There are 2 protein chains.
Amino acid sequence: MKPTKISEAVVRRLPIYLRYLNELSLSDVQTVSSQDLGEKLDLNPAQIRKDLAYFGEFGRKGVGYNVGYLIEKIRQILKLDRPLHVALVGTGNLGRALCNYNMYLKDNMKITSVFDADPSKEGVVINNLTVEPMSRLPQTVKEKEISIGIITVPAAEAQNVADRFVEAGVRAILNFAPTVIRTPEGVRIHHADFTSELLSLAYYMNHEEALDERNE
Amino acid sequence: MKPTKISEAVVRRLPIYLRYLNELSLSDVQTVSSQDLGEKLDLNPAQIRKDLAYFGEFGRKGVGYNVGYLIEKIRQILKLDRPLHVALVGTGNLGRALCNYNMYLKDNMKITSVFDADPSKEGVVINNLTVEPMSRLPQTVKEKEISIGIITVPAAEAQNVADRFVEAGVRAILNFAPTVIRTPEGVRIHHADFTSELLSLAYYMNHEEALDERNE
DNA sequence: TAGATTGTTAATCGATTAACAATC
DNA sequence: TAGATTGTTAATCGATTAACAATC
């Protein structure tokens, strides 16, 4: 009914909505308006209504959105209404840290397998997960129906790991290595590059002074 | 001379350019074209030229960009030509992992101080950094001239830590906690929320099937 | 000179915001 | 009913891309 192409920006906001709705739900809040959401999440209310309206009519005019119902709907949209399995490659400090975030994901998404190219890591247990060798990746991805991959290896190896994920049939990859990697059409790649993020923040040091020279 | 307002999207790409240029420099590549950069970084060459042209004329027509010169210029634009000090609050798994990224930052940016609200963490040494109590934050920020803050505490405490950073005079914050936090005008806040990122990837599972029903 | 590539303008594309009729 | 708030259209704003004259 709604064959419109949904933009990436919209999809990225959905988990933000979901997270806050879950909070409201825990506080037994029944109803929320786009106004409320906008204030809390620092977004324009019209944008929120528009985002949601891409997927259906979830609100009631004059009333707002039912929190529980909207949670259910967003979970459906994001395909979080059934289990989603994630594999992580690279058990350095960052990789090990992310393994401990399973609880935060809840929502049916879970890191279920961990790999490392270093043979000496094989068998190490991290947060209930046993490190597997890279040779097992294709088999494990199939057996555990893993659809998402996380890359936490050094930059030099990131593209190679991505390629292996793609061969194994993974549909989406989140890359933490500080390098641009490419995937074929149909395999989603997102970059979570904390070093670039920090460097870009440097730009805003004192630039305000130049711009706001006369802001009084 | 160029009073144009630079968009955030442009600023975010500069570190990406810089990183690849550094690689080229290590391989003794002298010159690079926007074409080359675009292919490697998966960006439109016109966009790259436009991004750079906001800040000056760094290239030579018919030739391209001198790698060393462009590195120097981008470092100047990003204010990486003088030391920038970063403080991190929250020494959980993620915080400790990020402390080990100092080497990747190089470029004059460095995590120089680490804090934790848990008194039992005081004095613990992480990657040559001694954990300080939160009470020391204002003083240390001043003394060490810290301008950027990293937040790796649980979501419930993130806003509070941000407020403390702001009071102490920090100009920009990178928040890893899975929650939206607000800062006053003039203090830059970026969110590096890995859980939202993962949840949004879920959206792309099989959506292609619906769209590409007939792609052959 | 001929070929290559920049810097920049104009065209396109897409995303955000404002406004308001519909309606709870 | 009066007040509130949605869903949606239209207006605005901004970012990306194409195109090309300038020029190395």
Side-chain angles (χ1 to χ4, degrees), chain A residues 1-14 16-17 20-21 24 29-74 77 180 200 203 211, chain B residues 1-14 16-17 20-21 24 29-74 77 180 200 203 211:
Chain A
M1 335 258 167
K2 293 242 170 198
T4 329
K5 182 72 166 44
I6 307 298
S7 86
E8 197 178 311
V10 173
V11 175
R12 274 172 194 278
R13 283 190 292 267
L14 295 178
I16 313 291
Y17 302 155
Y20 181 53
L21 291 165
L24 290 177
V29 175
Q30 302 293 316
T31 298
V32 69
S33 69
S34 60
Q35 187 69 233
D36 298 338
L37 285 167
E39 267 162 36
K40 189 68 184 182
L41 302 177
D42 208 4
L43 295 170
N44 183 304
Q47 180 170 68
I48 296 175
R49 293 199 299 278
K50 198 161 202 285
D51 284 354
L52 297 173
Y54 282 119
F55 303 99
E57 307 199 357
F58 302 144
R60 298 224 309 176
K61 294 182 167 107
V63 179
Y65 299 91
N66 177 283
V67 172
Y69 181 68
L70 192 52
I71 288 174
E72 192 189 315
K73 282 303 175 184
I74 296 182
I77 296 163
V180 173
S200 76
Y203 176 81
L211 285 175
Chain B
M1 334 257 167
K2 293 244 168 197
T4 330
K5 181 71 165 45
I6 306 298
S7 86
E8 197 179 311
V10 173
V11 175
R12 274 172 194 276
R13 283 191 291 268
L14 295 178
I16 312 290
Y17 302 155
Y20 181 54
L21 290 165
L24 290 177
V29 175
Q30 303 293 316
T31 300
V32 69
S33 67
S34 59
Q35 187 69 233
D36 297 339
L37 285 167
E39 267 161 36
K40 188 68 182 180
L41 303 177
D42 208 4
L43 294 169
N44 184 304
Q47 180 170 68
I48 296 174
R49 293 199 299 278
K50 198 159 200 287
D51 284 354
L52 297 173
Y54 282 119
F55 304 99
E57 306 199 359
F58 304 144
R60 299 223 309 174
K61 293 182 167 107
V63 179
Y65 300 91
N66 178 284
V67 172
Y69 181 69
L70 192 52
I71 288 174
E72 193 189 313
K73 283 301 175 186
I74 295 181
I77 296 163
V180 173
S200 76
Y203 175 81
L211 285 174

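If you're wondering where the values come from, they're calculated on a predicted model, not measured in any experiment. Reminder, nothing fancy here: chain letters follow the sequence lines and each chain counts from 1.
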Contact check, side chains of [X] and [Y], non-hydrogen atoms, under 4.5 Å:
| X | Y | result |
| --- | --- | --- |
| A:Y65 | A:L52 | yes |
| A:Y17 | A:D51 | yes |
| A:I74 | A:F58 | no |
| B:I77 | B:Y54 | no |
| A:E8 | B:Y203 | no |

Over how many whole Å does the gap from [X] atom [atom1] to [N] atom [atom2] extend?
| X | N | atom1 | atom2 | value |
| --- | --- | --- | --- | --- |
| A:D36 | D:dT5 | CG | P | 7 Å |
| B:R12 | D:dA15 | CZ | P | 12 Å |
| A:K5 | C:dC13 | NZ | C1' | 13 Å |
| B:N66 | C:dT6 | CG | C1' | 14 Å |
| A:Q35 | D:dG7 | CD | C1' | 16 Å |
| B:L70 | C:dG7 | CG | C1' | 14 Å |
| B:F58 | C:dG7 | CZ | C1' | 12 Å |
| B:I48 | D:dT16 | CD1 | C1' | 12 Å |

Identity of whatever pairs with C:dG14 - Watson-Crick or G-U, under 3.5 angstrom: D:dC13
Once you apply the 3.5 Å cut-off to both distances, tell me the Watson-Crick or G-U wobble partner of C:dA21, or none. D:dT6
Flag yes if more than 12 heavy atoms outside A:R60 fall under 6.0 Å of its CZ atom; otherwise flag no. no
Taking all non-hydrogen atoms of both residues, which atom of B:K40 and which atom of A:V180 are closest, and how far apart? O-CG1, 4.1 Å
Are B:S34 and C:dT5 close enough that a side-chain N or O sits under 4.0 Å from OP1 or OP2? no
Check this one for me: any side-chain N or O of B:S7 less than 4.0 Å away from OP1 or OP2 of D:dG14? no
Among the candidates D:dT16, C:dT5, D:dG7, find the nucleotide nearest to the side-chain atoms of B:Q47. D:dT16
Can you tell me which nucleotide in D:dA15, C:dT6, D:dG7 comes closest to the side chain of B:Y65? C:dT6
What does nucleotides 18-23 of chain D look like as a protein-contact string, B for base, S for sugar-phosphate only, - for none, at under 4.0 angstrom between heavy atoms? BB--BB
Judged by each residue's nearest nucleotide on DNA chain C, which is more toward the 5′ side, A:V63 or A:L43? A:L43
